[in-house]
Amino acid sequence: MTIDERIARAEEALKPVFARIDENEEACTKRVLDAFREHGVAVRHFAPTLGYGYDDIGRDTLAAIWADLFGAEAAIVRPSIASGTAALSLTLFGLTRPGEHILSATGTPYDTLLDVIGSGEGEPVPGSLREMGVSYSQVELTADGKIDLEAVERALQPNTTLVIAQRSRGYAWRPSLMPEAFAPLAEMLHTRHPGVRLMVDNCYGEFVCDTEPTHHGADVCVGSLIKNPGGGLAPTGGYMAGTREAIDRISWRITAPGIGLEVGSYAASYQPFYQGLFMAPHTVAQALKTACLVARVFEDMGRTTTPPSDEPRADIIQAIRLETPENLIRFCQGIQMASPVDSMALPEPWDMPGYADQVIMAAGTFVSGASIELSADGPMRPPYTAYMQGALTYMHGKLALKSALKHMGL
Ligand SMILES: *Cc1c(COP(=O)(O)O)cnc(C)c1O
């Protein structure tokens, strides 16, 4: 079968899946549009500000819209938050005090959080939560990838004040969690352990479903603007959405105690953040369709994928077991060759700091590091799994898949 035939066959099979994605895009677009109308978004909201940024209407309205979209009381949405990790770090430091304990309900958190938490033996990582006297432990997901409520409750300590959970699979071979999967955990904590808050790392999850974890009881959701909710247009930034009380606490870390969200200017325009948010449900749908197509084509060739192409999704990440080092390298190279930016770069496996195995990465993005744009990577170890996510347009995703299949000699 030719590559074009393989893709046509996969697209035919995916029609009902794509219809479901369209339905979700419509529902999410409606929510965004309703929020924009509710808050009377107008050209004046895009204006840059300088200095302290008192009464910055662009900044404050964007945060108010975000809170509405997340079914939250308040939100922080700022270009000054450097990354998703920075947003998560600000949140963890904001919501804990020395002597308190953080419990992860979804096993090991995302790699970059390990230094923030400072978990592990020996001297604490300088600046980490552990150095500040905040302790940490974790509970694994059940064998079928669910939150183990009983184990979480047993692992709560008298000084536990924050339970953290990660919605996305990240770079692990585990299922992602649907927004509603956090409801029983939130309810258990709120009814039986008042004073313990629930934070969800929502990276890669926004607009994949019609609701977010905050709609189901999470006290705060945190994420990056160069992933889903920036719609591919936001140039940088991060967000938190949650209860007024949690957001207030985090706001002291964003600027200073006593000042909170009153200050913070942005000398460029807020327009890409608004337009990016408006585009986000569509962009996420493009990324989801790309992920389904890639999964389906490789499934048709006998490869194992997670999630499978027809399974309901909670994030935009697609993992494919490629089984050989050559396959993984050529897949990533083929994706890179079809990138709009840096198509001339040929990725090779390299020793990335902090990783045990070599890693190969393909990304040719307009916004540096933006993984709502098409990117693929994987660690050079069996079963040579490629993790891919993003695509601003489905057509780019499809053409990049063709390029990868061709480069793999399939
Ligand atoms: C991307 C990501 C982060 C960290 O975000 P950066 O912007 O890369 O710092 C944290 N958690 C999850 C699940 C992520 O996908």
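Values in this document were obtained by computation on a predicted structure and should not be read as measured data. Any value given below was found using the heavy atoms of this structure, including those in side chains, with hydrogens, waters and symmetry copies removed. Every number for a ligand or one of its atoms is a count from 1 in the order of the listing.
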Discussion item. So, 4.0 Å and heavy atoms of Leu88: is ligand 1 close enough to count as a contact?
Written reply: yes
Side chains of [X] and [Y]: do they bring a donor and an acceptor to under 3.5 Å?
X	Y	result
Tyr110	Ser168	no
Thr306	Arg169	yes
His190	Asp219	yes

Practice prompt. Check Gln166 against ligand 1 and report side chain, backbone, both or neither, counting heavy atoms closer than 4.0 Å.
Written response: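 The answer is the side chain.
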Checking the N or O distance criterion of under 3.5 Å, is ligand 1 in contact with [X]?
X	result
Asp201	yes
Gly84	yes
Tyr204	no

Worksheet item: Between the candidates Arg169, Lys227, Gln389, which shows the shortest non-hydrogen contact distance to atom 14 (C) of ligand 1?
Response: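 Residue with the shortest heavy-atom distance to the ligand atom: Lys227.
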Worksheet item: Tyr384 and Phe331: aromatic ring centres closer than 6.0 Å?
Response: no
Worksheet item: Centres of the Phe18 and Tyr394 rings: under 6.0 Å?
Response: yes
Practice prompt. Output all residues satisfying salt bridge (charged side-chain N to carboxylate O under 4.0 Å, His left out) with Arg44, sequence neighbours left out; order by chain, then residue number.
Written response: none
Worksheet item: Nearest protein heavy-atom contact for atom 10 (C) of ligand 1: which residue, which atom, what distance?
Response: Tyr110 CD2, 3.2 Å
Worksheet item: Nearest protein heavy atom to atom 9 (O) of ligand 1, by residue and atom, and its distance?
Response: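 Checking every protein heavy atom, the shortest distance to atom 9 (O) of ligand 1 gives Thr85 OG1, 2.5 Å.
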